Amino acid sequence: VSTSVSAVRARLARVVVGLLLVLYAAISLYPFLWMVSAAFKDQREVVAGGHLIPHRPTWQTLADTWSELHFLDYFLNSLKVTGLTVVLVLAIYAAAGYAFSVLRFPGRTALYRLFMALLFVPGVTVLLPVVLLEHKLGLLGGHWGLVLPFVNGSAPLSILMLTNAFDAIPGELREAARVDGASELRIFAAVYLPLSRPVLVTIAVLTAIPTWNEYLLTRVSLNDPEQYTLPIGLQNLQSGAVQHYNVLMAGALIVVIPVILLFIAAQRYLVNGLMGAVKA
Amino acid sequence: MAVPIAPGRRRRGIRSAEAAWGYAFVAPAIVLFAVMGVYTIGYGFSLSFATWNGFTPQWHWVGLRNYADLLWASPRYAPLVHQAALHTAWVMLAVPVLTVVVAFPLAVLLNSVRRLRTVLRSVYFLPQVTSGIAVYFAWVYVLQPDGAINLLLRSLGLGGLSQPQGFLGNPATALPTLIGITVWSSVPVAMLLYLAGLQSVDPALIEAARLDGAGAWRVTRHVVWPLLRPITAIVILLALRDSLQGFQTFLIMTNGGPGNHTNVLGLQTYRLAFLSQLDPTLGLASALGWLLFLAALVLAAVNLRAMRRLT
């Protein structure tokens with residue numbers, strides 16, 4: 001009898017655990033569900049409100065938002081800014097990580113510490129001087145004026161992760177390549193980079209996601225609608241004269257979908273990379 | 001055959017070549033950092049001792065007056081800063097505690113199931129990935145007076161909790177609501193960190209506790225929780241840092257309103273820097289930014305000491 005009681009209790013516990021997990025999944029998804037719901041409603045239905053599942057689902061809202069509001073232009077601008085930022089982050093900080101991990105040179109430790117100290121400078125503290133500097137240099141308002149500070153902002157974490165990754169590669173590989181007469185550049189490109197692909201992907205995703213969503217610097221940098229990225233395009237939808245939540249949520253969906261796809265495609269790297277960083 | 005070189009000289013030659021490569025490899029990072037980092041940090045620091053509206057050709061040097069104005073002297077700005085500091089303190093108190101309270105049990109529960117673990121982990125991580133203006137607009141939408149949250153509360157028979165002015169329109173609920181949403185976006189990383197910690201706990205320890213007759217609750221409370229204290233320290237540090245410095249949610253969802261009831265220090269800095277039109281507030285903005293930096297340093301030092309004690 002006692003075994004059957006404990007079996008019932010175990011099953012009950014499993015059901016409760018399952019319910020709690022599903023409940024938090026619902027909380028995680030809550031705003032997304034309503035975002036999708038509103039994006040597929042027409043104006044009358046979204047104003048009437050009430051139900052999650054649209055009674056007359058329509059693609060029209062998404063199609064109109066996409067075409068009439070220049071979302072294709074914003075989308076391409078976002079892609080350009082994000083792409084340039086990711087490429088530069090990988091190129092610049094992989095090289096720096098190689099130097100910090102493998103090469104011996106005077107000032108190495110001090111420079112490394114300097115980059116790590118950047119982690120403690122609040123973004124809002126440097127935001128104003130960056131804008132003023134870019135105004136002076138004529139960079140403000142263009143895409144490079146976004147890319148350069150984004151790249152610099154991701155320096156500490158990227159250098160930290162890449163230096164750790166290169167530290168884990170056995171030094172014998174480099175010695176062997178050197179005996180064969182390979183230069184540092186070649187060892188870096190042909191030995192260290194290919195062996196660190198998981199970390200490179202993790203950093204690419206960790207850089208791409210916040211860059212794609214960036215709003216604070218972008219908002220005060222861009223004035224010309226031709227340069228707008230998606231978050232600013234979305235903000236413009238809201239500040240427009242007539243505000244309709246179906247249009248706003250359609251815009252939001254357009255912003256969010258590429259990031260979700262990227263996350264699904266790369267989540268193995270992202271999750272393992274983050275979890276590996278904890279264990280280290 | 002190469003000309004024989006004395007071993008010492010040869011090693012020195014390799015070393016200086018290696019150093020040259022080293023500088024070449026860090027050069028791009030250093031150049032960018034010198035311009036975007038060092039220069040701007042120095043520029044911002046000196047601006048904190050001046051008044052300027054961004055348009056006049058000259059700065060007007062005022063020494064430490066910006067700091068005094070922010071902290072107590074100015075009848076216009078000091079009360080704003082005090083109020084924002086109070087709100088920031090609430091956020092810094094509530095967000096770390098609530099994040100741990102939600103993320104730790106969630107990770108333990110998730111770690112206890114096999115089926116759907118990966119799918120659920122992805123679902124839980126979604127708020128982190130999409131954190132930005134799009135999702136905050138979606139929250140604004142569901143928090144409207146006739147929005148989905150009020151509707152849900154009424155249909156659950158909890159109509160008394162619904163907010164006819166909207167959760168962001170009522171001064172009493174606006175700040176707690178924003179705290180809730182901040183927790184919602186900081187749970188994913190915390191949950192993942194705990195999950196990583198749980199998977200590195202030695203199963204033999206848990207087995208031993210089980211054999212001593214401890215149930216799941218007591219094992220979690222007396223074995224797992226103490227073992228994961230370093231992770232809790234990291235989670236709290238991250239949440240504290242974000243609560244001190246982050247203001248994007250506040251800017252997008254309420255812009256500090258209604259009536260400054262959700263103004264925080266980061267947002268106040270941003271407003272002084274970019275949203276004050278012709279008022280000469282740029283020096284004040286810099287000074288407030290440096291006060292935030294100081295607070296971040298103190299926090300990091302305290303946290304480091306706490307972590308040393310724990311590990």
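These values consider heavy atoms only, across backbone and side chains, with no hydrogens, waters or symmetry-generated copies. Per chain, numbering begins at 1; letters A, B, ... match sequence-line order. What you see is a predicted model; the values in this text were computed from it and never measured.
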Below 4.5 Å from any heavy atom of chain A, which atoms of [X] appear? Answer side chain, backbone, both or neither.
X	answer
Phe274(B)	side chain
Ser112(B)	side chain
Val142(B)	side chain
Leu251(B)	side chain
Ile149(B)	both
Leu126(B)	both
Val129(B)	both
Arg115(B)	neither
Val102(B)	side chain

With rounding to the nearest 0.5 angstrom, report the CD1 to CG distance, Ile252(B) to Leu234(A). 9.0 Å
Check each atom of [X] against the heavy atoms of chain B and say whether the ones under 4.5 Å are side chain, backbone, both or neither.
X	value
Val255(A)	side chain
Ala25(A)	both
Val205(A)	neither
Pro106(A)	both
Leu128(A)	both

I'd like to know whether Tyr43(B) forms a side chain to side chain contact (heavy atoms under 4.5 Å, CB included) with Lys136(A), so could you lay out the CA-CA distance, the side-chain angles of the two residues, the decisive distance to 0.1 Å, and finally the verdict. CA-CA 12 Å; Tyr43(B) 188 92; Lys136(A) 251 191 228 169; 3.6 Å; yes
